[in-house]
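First up is the structure itself, then whatever we jot down about it.
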Amino acid sequence: MTTQPALRIGIIGGGISGVALALDLCRHSHLEVQLFESAPAFGEVGAGVSFGANAVRAIAGLGLAEPYAQVADRTPEPWQDIWFEWRRGSDAGYLGASVAPGVGQSSVHRADFLDVLASRLPEGVARFNKRAVAVEQQGAGVRVRFTDGSDYRGDLLIAADGIKSALRNHVLEGIGAAPAAPRFTGTCAYRGMIDSLRLREAYRAAGVDEHLVDVPQMYLGLDGHILTFPVKQGRIINVVAFISDRSRPDPQWPADAPWVREASQREMLDAFAGWGDAARVLLECIPAPTHWALHDLAELPGYVHGRVALIGDAAHAMLPHQGAGAGQGLEDAWFLARLLGDPRARDAAPEALLAAYDALRRPRACRVQRTSWEAGELYELRDPQVGDDEQALGATLASRFDWLWNHDLEADLADARRRLGWEALSHCA
């Protein structure tokens, strides 16, 4: 009796999506998984990241609920269901709240989450200092080459290598589409982390309501908005202050300029001159902010070519205005893990498996990209239907995220199984 060989799956990129996918796939005896990371070790840039109810379900579905709970924050009682309170930037006047029952604002420090995931990877799955430069598909396999001259040959390749993906154009060229590069959105962000006790004391001294420390806040103004939410078990307040330049329809970022740099507090305060005390005191608690030029991707016409698939920011990098970018990467990982983890995947055509992923995941991810941009227009009082009408603004914000948070991934998976000719309820992984 001969044993059928394992399905060999290579994952390029050791961010949250890539590691989460690798962790799930490693559980299955019919799969052989190898993850390649360009850096010498796992590591994440950035600070706090927010997950909506849909992403929290995907995390649980990937078997990561317990490690996530170890490092995650959520809105404290009695406000535990609040995602954000919405306020005027000019005086912190209350405009309304968005409520996510049972989840609230679920957030974590990116590096903490990646650390707890990476610590669970079996020995030998991850290989470091492996920067992918090219991929070839030959017959019944795929080969990826690295800058050190080595290569990997497998049955499937998953590109989770971020917005600057080295493999994205292989997919696009393979489907006859034009190459796609990151594009500057015209929005920049000042980021900082504040000790929550320090912020509380500063608000108290300035006569600002300390409730603004307890609950995630979003301050809205013309062409700018500021958000706050807790990380590090509430000890730290993550702050992101967005400012948008809408003076031209096709904003450009200098090719030789870094996307992230150090900034002075004065530069940041000048960008938000005229905002109210709550915003001013908040920003005054950040002595050395970093400045981020926000880039995204246009909606791609395909995430898959043959045996190569894009996931996460490699496929659908987006503005962070719905707290949905990392969550979409986790939905990708959950979806692929359910398909590839099914024992029937070993007998299926790899191209068909990935085509089902593309058919079901791409329309949703593209919609999330599009509405993330629209959310920024809404927050910064540029939405053509709402503008600065506070009543309409509050009503819109109360319900506009429901479709995103309440999406039924299981229904998508059932559709994919039907496309593959699998019985929906049997042999479920």
Salt bridge [X]-[Y], side-chain N to carboxylate O under 4.0 Å:
{"X": "Glu374", "Y": "Arg382", "answer": "no"}
{"X": "Glu331", "Y": "Arg57", "answer": "no"}
{"X": "Asp402", "Y": "Arg400", "answer": "no"}
{"X": "Asp270", "Y": "Arg266", "answer": "yes"}
{"X": "Asp214", "Y": "Arg200", "answer": "yes"}
{"X": "Asp148", "Y": "Arg131", "answer": "no"}
{"X": "Asp412", "Y": "Arg361", "answer": "no"}
{"X": "Glu299", "Y": "Arg370", "answer": "yes"}
{"X": "Glu390", "Y": "Arg88", "answer": "yes"}
{"X": "Asp151", "Y": "Arg145", "answer": "no"}
{"X": "Arg183", "Y": "Asp296", "answer": "yes"}

Test item: side-chain donor near acceptor, [X] and [Y], under 3.5 Å:
{"X": "His211", "Y": "Glu85", "result": "yes"}
{"X": "Glu380", "Y": "His225", "result": "yes"}
{"X": "Lys130", "Y": "Ser38", "result": "no"}
{"X": "Gln322", "Y": "Thr371", "result": "yes"}

Reported [atom1]-to-[atom2] distance for the pair [X] and [Y], which is rounded to 0.5 angstrom:
{"X": "Lys232", "Y": "His109", "atom1": "NZ", "atom2": "NE2", "result": "5.5 Å"}
{"X": "Ile11", "Y": "Arg127", "atom1": "CD1", "atom2": "CZ", "result": "14.0 Å"}
{"X": "Leu114", "Y": "Phe42", "atom1": "CG", "atom2": "CZ", "result": "6.5 Å"}
{"X": "Trp275", "Y": "Asp91", "atom1": "CH2", "atom2": "CG", "result": "11.5 Å"}
{"X": "Leu297", "Y": "Ser165", "atom1": "CG", "atom2": "OG", "result": "9.0 Å"}
{"X": "Leu156", "Y": "Leu353", "atom1": "CG", "atom2": "CG", "result": "7.0 Å"}

For a quick test of your reading: what N or O donor-acceptor pairs under 3.5 Å do the side chains of residues 280-288 make, sequence neighbours left out?
unit_1 : atom_1 : unit_2 : atom_2 : d
Arg280 : NH1    : Glu284 : OE1    : 3.2
Arg280 : NH1    : Glu284 : OE2    : 3.2
Arg280 : NH2    : Asp277 : OD1    : 3.3

So do [Y] and [X] actually touch side chain to side chain, heavy atoms under 4.5 Å?
{"X": "Val308", "Y": "Leu354", "answer": "no"}
{"X": "Leu172", "Y": "Pro179", "answer": "no"}
{"X": "Trp259", "Y": "Lys164", "answer": "yes"}
{"X": "Asp24", "Y": "Arg338", "answer": "yes"}
{"X": "Tyr379", "Y": "Tyr219", "answer": "no"}
{"X": "Leu404", "Y": "Val368", "answer": "yes"}
{"X": "Ile226", "Y": "Val240", "answer": "no"}
{"X": "His316", "Y": "Ile311", "answer": "no"}

Check whether Trp403 forms a cation-pi arrangement with Arg367 (NZ or CZ under 6.0 Å from the six-membered ring centre, at most 45° off the ring normal).
yes

Looking at [X] and [Y], would you say the former's side chain and the latter's main chain have a donor-acceptor pair under 3.5 Å?
{"X": "Asp161", "Y": "Ala166", "value": "yes"}
{"X": "Gln369", "Y": "Ala317", "value": "yes"}
{"X": "Asp389", "Y": "Ala392", "value": "yes"}
{"X": "Glu37", "Y": "Ala39", "value": "yes"}
{"X": "Arg168", "Y": "Ala314", "value": "yes"}
{"X": "Asp81", "Y": "Gly104", "value": "no"}
{"X": "Ser244", "Y": "Arg246", "value": "no"}
{"X": "Gln137", "Y": "His305", "value": "yes"}
{"X": "Arg419", "Y": "Leu360", "value": "no"}
{"X": "Gln217", "Y": "Val215", "value": "yes"}

Would you call the rings of Phe146 and Phe36 parallel, tilted or perpendicular, taking 30° and 60° as the class edges?
tilted

What orientation do His295 and Phe184 show, parallel under 30°, tilted 30 to 60°, or perpendicular over 60°?
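If you compare the ring of His295 with that of Phe184, the planes turn out tilted.
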
Could you report the tightest heavy-atom contact between [X] and [Y], atom names first, then the distance?
{"X": "Ala278", "Y": "Ala92", "result": "CB-CB, 3.9 Å"}
{"X": "Leu167", "Y": "Ala132", "result": "CD2-CB, 4.2 Å"}
{"X": "Met318", "Y": "Ser372", "result": "SD-OG, 3.7 Å"}
{"X": "Leu121", "Y": "Leu23", "result": "N-CD2, 3.8 Å"}
{"X": "Ala271", "Y": "Tyr190", "result": "CB-CE1, 4.0 Å"}
{"X": "Asp358", "Y": "Pro363", "result": "O-CD, 3.9 Å"}

Qualifying side-chain hydrogen bond (donor to acceptor under 3.5 Å, both in side chains) pairs, either residue in residues 95-107, two or more places apart:
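Of all non-adjacent pairs touching residues 95-107, those that pass side-chain hydrogen bond (donor to acceptor under 3.5 Å, both in side chains) are Ser50-Gln105, Tyr68-Ser106, Trp86-Ser98.
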
Pairs where residues 69-79 contributes a residue and the test side-chain hydrogen bond (donor to acceptor under 3.5 Å, both in side chains) is met, not counting sequence neighbours:
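For residues 69-79, and leaving out neighbouring residues, the side-chain hydrogen bond (donor to acceptor under 3.5 Å, both in side chains) pairs sorted by first residue read Glu66-Gln70.
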
Taking it one step at a time, do Val99 and Trp83 satisfy side chain to side chain contact (heavy atoms under 4.5 Å, CB included)?
CA-CA 5 Å; Val99 175; Trp83 186 57; over 6 Å; no

Does a sphere of radius 6.0 Å around CZ in Arg204 hold more than 12 heavy atoms from other residues, nucleotides or ligands, not counting ones at 6.0 Å or beyond?
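Yes, the 6.0 Å shell around CZ holds more than 12 heavy atoms from other groups.
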
Asp388 atom CG: more than 12 heavy-atom contacts under 6.0 Å
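No.
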
Qualifying residue for ring-ring contact (aromatic ring centres under 6.0 Å, His included) with His321, from Phe84, Trp373, Phe401, Phe242:
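That would be Phe242.
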
Decide side chain to side chain contact (heavy atoms under 4.5 Å, CB included) for Trp334 and Ser17; before the verdict, give the C-alpha distance in whole Å, the side-chain angles of both, and the deciding distance to 0.1 Å.
CA-CA 9 Å; Trp334 179 91; Ser17 299; over 6 Å; no

Is there a side chain to side chain contact (heavy atoms under 4.5 Å, CB included) between Leu21 and Ile9? Walk through the geometry before answering.
CA-CA 11 Å; Leu21 177 59; Ile9 301 173; 6.0 Å; no

